[in-house]
Amino acid sequence: MRWGRAPTILLSGGVSDRPSPSGTGSLDHHPHPKPEAALLFSLLWMPALLPVVSRLLLLPRALLSMASGSPPSQPSPASGSAYVPGSVSAAFVTCPNEKVAKEIARAVVEKRLAACVNLIPQITSIYEWKGKIEEDSEVLMMIKTQSSLVPALTDFVRSVHPYEVAEVIALPVEQGNSPYLHWVRQVTESVSDSSTALP
């Protein structure tokens, strides 16, 4: 493999790529580069290298997590003020109508299985059920809760939902408005601390 020479910036001294005037093909060497040139060069390139260096420092951790098959652990908040990505989830549930959606929404908030539920009316769902393609108008519930409460939330929704197979899917929240995410955790904290299944 043939490697080319990297271009060199010559600032009042240093080493140049150009052949010597003698025509021998050797490089001109200036044995005493000026310190100002080296300083200027390093100052010009330092900001460009910082993002690269910071990513290189994270590389061993990323490689270790890839080798172990587990995602890299998140740093625990020292003061309790930093949001831990994925500790809050948004769960989605479809309901046949607004009445059912409101009843379930109110119940999960009262039981502190959720901090907040948004109801999105008039969605259209197209799906296969028992060999037939179905199309229904439904209400979508977007439920904000702690990720640790998703199993209890799912069990509760299944116990009160009119569908034979209720849709309950949850996605972890990686980032967002930190005060809001802390509020979600605070409102649902007593349930996650008790570690008991709710009826």
Side-chain angles (χ1 to χ4, degrees), residues 54-55 58 61-62 64-66 68-199:
S54 65
R55 286 188 180 158
L58 294 176
R61 181 174 172 223
L64 181 61
S65 69
M66 286 170 41
S68 69
S70 63
S73 60
Q74 299 295 332
S76 59
S79 65
S81 63
Y83 173 70
V84 178
S87 61
V88 168
S89 285
F92 299 91
V93 175
T94 51
C95 294
N97 55 53
E98 193 170 333
K99 180 180 183 292
V100 170
K102 281 184 176 180
E103 288 172 359
I104 294 173
R106 188 166 301 281
V108 297
V109 171
E110 286 173 353
K111 292 179 177 297
R112 295 186 175 263
L113 289 171
C116 175
V117 180
N118 302 111
L119 302 181
I120 305 165
Q122 300 175 356
I123 65 164
T124 300
S125 297
I126 300 171
Y127 56 96
E128 187 272 333
W129 182 249
K130 298 184 178 180
K132 289 176 56 180
I133 303 298
E134 303 284 346
E135 182 174 327
D136 287 319
S137 178
E138 295 182 298
V139 175
L140 178 65
M141 300 171 61
M142 187 170 67
I143 304 167
K144 276 77 73 180
T145 187
Q146 287 192 58
S147 296
S148 61
L149 292 176
V150 170
L153 172 70
T154 302
D155 289 344
F156 177 76
V157 169
R158 289 177 60 201
S159 73
V160 298
H161 204 286
Y163 289 168
E164 186 178 337
V165 177
E167 174 188 356
V168 183
I169 56 174
L171 302 171
V173 176
E174 291 302 312
Q175 55 187 318
N177 180 18
S178 188
Y180 179 83
L181 298 170
H182 283 291
W183 171 78
V184 170
R185 290 186 55 83
Q186 179 185 12
V187 168
T188 58
E189 199 66 45
S190 62
V191 175
S192 71
D193 287 346
S194 67
S195 302
T196 59
L198 296 172

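For the single chain, residues carry numbers from 1 onward in sequence order.
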Straight-line distance of [X] [atom1] to [Y] [atom2], nearest 0.5 Å:
X	Y	atom1	atom2	answer
I123	C95	CD1	SG	9.0 Å
C116	Y180	SG	OH	4.0 Å
M141	L119	CE	CG	6.0 Å
E138	Y163	CD	OH	3.5 Å
Q186	L181	CD	CG	13.0 Å
F92	I143	CZ	CD1	9.5 Å

>> Could you tell me if E174 and Y83 have a donor-acceptor pair between their side chains, going purely by distance under 3.5 Å?
In response: no
pair [X]-[Y]: side-chain heavy atoms closer than 4.5 Å:
X	Y	result
I126	E134	no
R106	K111	no
V109	V117	yes
P172	P85	no

Looking at [X] and [Y], would you say the former's side chain and the latter's main chain have a donor-acceptor pair under 3.5 Å?
X	Y	result
Q146	R185	yes
R112	V187	yes
E128	G131	yes
T188	A114	no

>> Could you work out, with side-chain contact (heavy atoms from CB on, under 4.5 Å) as the rule, every residue matching R158, not counting sequence neighbours?
In response: T154, D155
> Under the side chain to side chain donor-acceptor pair (under 3.5 Å) rule, what pairs show up with a residue in residues 84-97, not counting sequence neighbours?
Replying inline: S89-S147, T94-E167
